[in-house]
Amino acid sequence: MRTTYFWSVTHLVELLAPAGSKESFFAAVENGANAVYLAGKMFGARAYASNFDNDTLAELIRYAHLRNVSVHVAVNTIIDNDELPKLRSYLQFLYEAGADAVLFQDLGAAKLARATVPNLPLHASTQMTVHHISGVQALEELGFSRVVLSRELSLKEIRSICAHSRIEIECFVHGALCVCYSGQCLMSSMIGGRSGNRGRCAQPCRLPYTLVDRRGHDVLGDTAGDFLLSPRDLNTIDLIPQLMDAGVDSLKIEGRMKRPEYVATIVRAYRKAIDSHIDMEKPPVDEGDRDRLAQVFNRDFTTAYLEKRPGKYMMSDRRPNNRGLRIGRVTAYASKTGMLTVKLTRPLSVGDQVDVWGTNGEHIGADISSLYTSRGKSIDHAQAGATVSFEIKGKVHMSDAVFKVYDKALMDEARRSYEEDARKKIPVCAHVEARIGKPLRLAFTDDRGNTVRAETAYIAEPAKNRPLTEETVEKQINRLGATAFTIAHLVYDIEDGLMMPVSELNNVRREAIAALAQQRIVSFERARRGALPKKDWHMPTGSPAPAPKPAPLMAAVDDIETLKAAIDAGADGILYGGENYDGIHLRAEDYRAAWNCAKERGVRIDFNTPRIVRAAEEEEIVRLLESFRTEPPDALHVHHIGMAHLARSYLSIPLHADYSMISYNTMTMEFLHSYGFSEATLSPELNAKQISRMAGRSVLPLTVLAHGRLPLMISEYCAVGSFLGGLDGGTCSHPCRREKYFLRDRKGIDFPIETDQFCRMHICNAKTLSLLPYAARLMRSGISCIRIEGRGMTIDELRKTVAAYKNALRMSLPLSAEAERMLRIQEGGNITRGHYSRGIL
């Protein structure tokens with residue numbers, strides 16, 4: 001008989017791991033993840049991962065629940081109208097399959113989920129850009145049970161949000177970082193048609209750029225690398241105690257595109273960090289763990305904004321890919337034989353892979369198929385301190401740095417942890433009772449206290465030849481093979497001299513183990529659902545304020561002079577304020593002056609709010625909201641649900657959902673209407689056909705952003721301040737206020753950089769969006785307003801643009817060839833139609 005020790009662990013925090021493939025899923029579960037997040041074949045923000053079909057999803061959810069592991073399914077893309085029926089069916093499937101939660105970006109999709117599967121927990125994806133307590137509170141009201149915070153927040157902000165939140169808070173702790181606020185990036189979409197909001201980001205942030213001034217001069221030279229938008233990888237292994245003590249409920253590892261060995265290695269290290277903080281007697285993370293984290297993949301590491309604003313030290317500007325671990329420098333190179341010699345600072349083995357990096361930034365890779373000592377002896381492994389040689393194809397130089405980018409031993413160790421033969425089994429106590437004249441009874445009890453009982457259909461008889469023995473019982477009961485269980489303790493209570501067919505033992509074992517598996521799954525799912533907040537899960541509704549008077553042509557500006565120029569040129573409405581590209585903090589008197597000017601001239605005026613409002617900036621925004629009570633704008637534009645929640649608590653005013661809230665389908669329109677919005681600006685990722693359909697079905701008046709340099713990114717990181725302003729020292733010298741800067745890509749195209757009053761960087765499109773020839777057609781399709789993005793324009797440029805659109809809106813359809821030709825002349829060169837004609841992938 002074997003015995004085992006049963007224990008229970010109360011996890012104070014969830015370790016949440018990624019799975020982009022079946023192997024990664026097993027790697028996560030077998031190495032200590034409490035939960036796994038993954039996606040199906042549709043609607044996931046990592047469309048290029050392998051992902052899972054429905055049958056596999058159901059199989060993996062069952063596998064996880066047997067092992068006390070949750071499965072969260074990402075449905076975190078924006079949804080097209082035509083996809084809504086498929087999404088409804090998919091959500092029903094996920095609920096029936098037992099998914100523990102679904103992550104959403106699209107508020108319309110969340111509304112559909114609440115109507116379709118009201119008991120399925122909703123998590124707000126980081127793509128929702130939740131960065132303030134008001135956003136958390138708004139989503140709690142909407143029935144969300146968890147929010148994934150933006151990765152730009154500090155430990156102090158996270159601690160405050162956790163203290164004031166009644167729903168779960170999830171934070172990223174390891175993996176790749178986006179340089180832009182998640183959910184706010186249009187760069188991949190506008191440049192290449194691959195939308196990050198649809199899960200198909202082409203990662204333009206990992207491409208080379210040069211920082212140039214208005215004369216086109218490279219202002220950094222050799223003082224920085226070429227990858228100015230490529231962040232280092234997040235690594236918070238040493239901050240896990242602080243995050244846990246702050247009250248974070250779930251620690252999330254990024255990496256659905258990573259290989260399973262990566263998942264295994266990272267999960268194991270963070271499991272160790274969490275457990276050692278819960279139980280001080282368990283070993284803490286050591287240098288070996290930190291080395292394994294770096295070896296498996298790194299672009300160098302950062303804690304992002306958790307501790308401070310790191311400036312250039314958050315960026316992997318010299319190389320955007322895996323750098324591995326440095327193992328030495330080239331000490332000799334024989335060009336004729338291609339043999340490179342290096343004195344090792346870390347071990348190296350046959351099967352490893354290395355990169356050799358020169359001072360000019362060029363690098364050469366090599367697979368270590370043979371390894372030699374300084375005396376020419378062939379070896380399989382060398383320790384730190386040894387001098388070794390290996391062959392490399394390509395020219396290298398003395399003192400070039402050598403990095404190990406693939407460690408075969410580490411990968412083999414990681415792989416062994418999740419291979420089928422190595423997967424951990426669930427220990428079970430078995431009790432067998434048999435009496436003559438009665439069925440044989442079998443009881444199984446697992447490590448969570450679940451007990452099941454089964455009995456044979458056969459009634460035990462006195463044995464004539466071969467009585468049942470304990471050895472036979474043990475052999476048959478232990479035949480758990482491909483199941484998730486193993487017998488840890490077996491107790492017999494068998495009357496001597498009885499007969500029971502072996503087939504009956506097998507039948508009762510199979511029946512009992514199947515029942516135990518089902519009971520584990522049911523009890524796990526019941527416990528998970530029972531842990532959710534008891535509350536009304538219905539979407540709250542608001543009463544939309546009456547829509548303001550129509551303004552067919554509106555211009556967005558951030559100062560009085562451009563406001564006057566836009567009105568003089570024929571604008572019917574003004575959108576004033578929000579982020580100011582001159583870095584000026586607009587005061588209540590500035591808004592009052594804008595309001596007076598617009599009212600004197602009889603045009604509509606809307607006030608804008610910033611796209612990002614951090615806790616430290618709330619007081620300024622609240623003062624403005626309170627001042628709007630005396631001179632209320634016709635509408636207040638908000639860019640995220642948190643600002644809508646905050647604004648509604650201070651004043652009653654028509655709300656306009658700006659394009660950052662991503663109105664991409666009619667279900668989102670219905671959500672906005674039910675929440676109390678009066679208008680919305682459509683997503684700039686919609687094409688002409690989609691816009692027309694939305695206009696015909698929307699319950700709200702709609703605006704189309706038709707002209708201007710669209711911001712492609714908004715970032716807490718500022719390339720100008722980081723590399724020219726000394727931002728990492730704590731105080732920026734604001735070189736952006738003295739000079740105009742651009743990011744020049746590898747094709748020589750310059751993207752303007754704007755910085756606002758909060759020192760956030762806005763990267764604008766190199767080309768100006770222009771829908772001038774289509775303005776009249778848009779209005780005839782049912783659009784209520786054409787909007788010009790005037791921020792960043794000169795007064796003269798804005799005046800001419802507004803006048804051109806005013807004239808275009810008066811034109812009869814269809815346009816004559818001459819009218820269309822004149823409009824194309826007026827809009828000038830270096831323009832783009834955005835997605836009007838092509839749409840997005």
Side-chain angles (χ1 to χ4, degrees), residues 7 9 11-18 27-34 155 171-176 232-246 248 250-255 258-304 306-307 310 313 316 322-328 344-349 351-352 354 381-386 402-418 422 424:
W7 70 96
V9 178
H11 294 289
L12 302 181
V13 67
E14 174 187 87
L15 178 58
L16 178 59
V29 172
E30 295 302 320
N31 283 279
N34 304 114
L155 269 168
C171 293
F172 280 92
V173 295
H174 198 95
R232 299 179 180 184
D233 283 358
L234 180 65
N235 180 345
T236 69
I237 196 74
D238 294 318
L239 295 180
I240 293 303
Q242 291 96 311
L243 285 163
M244 292 173 66
D245 293 346
V248 174
S250 179
L251 305 174
K252 185 172 193 172
I253 296 166
E254 185 278 336
K258 293 291 198 302
R259 60 200 305 166
E261 296 91 339
Y262 172 92
V263 175
T265 304
I266 305 302
V267 169
R268 189 182 305 172
Y270 278 86
R271 176 79 274 149
K272 185 177 181 181
I274 293 168
D275 290 348
S276 67
H277 187 56
I278 293 173
D279 183 351
M280 300 301 287
E281 293 185 2
K282 292 189 175 181
V285 170
D286 56 30
E287 285 306 309
D289 299 309
R290 295 184 183 91
D291 280 353
R292 283 186 282 275
L293 289 177
Q295 181 64 78
V296 74
F297 191 94
N298 82 90
R299 297 180 179 93
D300 210 342
F301 286 131
T302 178
T303 57
L306 287 170
E307 298 177 285
Y313 296 107
S316 181
N322 181 28
R323 64 181 60 200
L325 284 174
R326 181 181 288 190
I327 61 171
L344 297 175
T345 58
R346 295 178 184 273
L348 183 66
S349 300
D352 293 347
V354 300
H381 177 78
Q383 293 287 355
V402 183
F403 293 84
K404 180 165 59 174
V405 294
Y406 180 91
D407 187 308
K408 183 178 183 299
L410 176 61
M411 290 303 205
D412 288 346
E413 177 190 5
R415 202 174 298 115
R416 285 192 296 271
S417 72
Y418 60 84
K424 293 183 285 290

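Computed from a predicted structure; not experimentally measured. Note that the numbering runs from 1 along the sequence shown for the chain.
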Go through the steps for Asn31 and Ser417 under the test side chain to side chain donor-acceptor pair (under 3.5 Å), then give the verdict.
-> CA-CA 7 Å; Asn31 283 279; Ser417 72; 2.9 Å; yes
Between Asp233 and Ala176, what is the shortest heavy-atom contact and its length?
-> OD1-CA, 3.7 Å
With distance as the sole criterion, is a donor-acceptor pair present between the side chains of Asn34 and Arg271 under 3.5 Å?
-> yes
Non-hydrogen side-chain atoms of Lys272 and Pro283 separated by less than 4.5 Å | yes
What is the distance from atom OG1 of Thr345 to atom CD of Gln383, rounded to the nearest 0.5 Å?
-> 12.0 Å
Pairwise side-chain contact, Glu254 with Leu234, heavy-atom cut-off 4.5 Å (strictly under) | no
Ser250 and Leu16: which non-hydrogen atoms are nearest, and at how many Å?
-> OG-CB, 3.6 Å
Minimum-distance pair of heavy atoms, taken over all atoms of Ala264 and Tyr418 | CB-CD2, 4.2 Å
N/O donor-acceptor pair under 3.5 Å between Ser316 side chain and Arg299 backbone = yes
CG on Asp275 to CD1 on Ile240, rounded to 0.5 Å = 11.5 Å
Name the orientation class of the two ring planes belonging to Phe297 and Tyr262 (parallel below 30°, tilted from 30 to 60°, perpendicular beyond 60°).
-> perpendicular
What heavy-atom pair brings Leu15 and Gly32 nearest, and what distance separates the two atoms?
-> CD2-O, 4.0 Å
Expected output: side-chain Gln295 to main-chain Lys404 donor-acceptor under 3.5 Å | yes
Correct closest heavy-atom pair for Pro284 and Asp289 would be O-OD2, 4.1 Å
Rounded to the nearest 0.5 Å, the CG atom of Asp300 sits from the CG atom of Asn322 at a distance of 11.0 Å
Any side-chain heavy atom of Leu293 sitting closer than 4.5 Å to one from Asn298?
-> no
Arg292/Glu413 salt bridge by N-O under 4.0 Å criterion | no
Closest non-hydrogen atom pair between Val248 and Cys171, with its separation | CG2-SG, 3.9 Å
Is the backbone N or O of Val173 less than 3.5 Å from a side-chain atom of Thr236, with the two atoms forming a donor-acceptor pair by type?
-> yes
Sub-4.5 Å side-chain heavy-atom contact between Ile266 and Lys258 | no
What is the distance from atom CG of Leu325 to atom CG of Asp407, rounded to the nearest 0.5 Å?
-> 8.5 Å
Charged N to carboxylate O below 4.0 Å: is that the case for Arg290 and Glu287?
-> yes
Roughly how far apart are Leu251 CG and Phe172 CZ, rounded to 0.5 Å?
-> 12.0 Å
Check for a donor-acceptor pair, side chain of Glu261 on one end and backbone N or O of Met411 on the other, with a separation under 3.5 Å.
-> no
Would you confirm whether Asn235, through its side chain, and Thr302, through its main-chain N or O, come within 3.5 Å as a donor-acceptor pair?
-> no
Taking the side chain as C-beta and beyond, is there a heavy-atom pair between Val354 and Leu348 under 4.5 Å?
-> yes
Lys424, NZ atom: more than 12 neighbouring heavy atoms under 6.0 Å | yes
Indicate yes or no for a side-chain donor-acceptor contact from Arg232 to the backbone of Tyr313 under 3.5 Å, with no hydrogens or angles considered.
-> yes
Go through the steps to decide whether Leu239 and Glu307 satisfy the test side-chain contact (heavy atoms from CB on, under 4.5 Å), and finish with yes or no.
-> CA-CA 9 Å; Leu239 295 180; Glu307 298 177 285; 3.8 Å; yes
About how many Å separate NE2 of His277 and CD of Gln242, when rounded to the nearest 0.5 Å?
-> 8.0 Å
Does any non-hydrogen side-chain atom of Asp291 lie less than 4.5 Å from one of Arg346?
-> yes
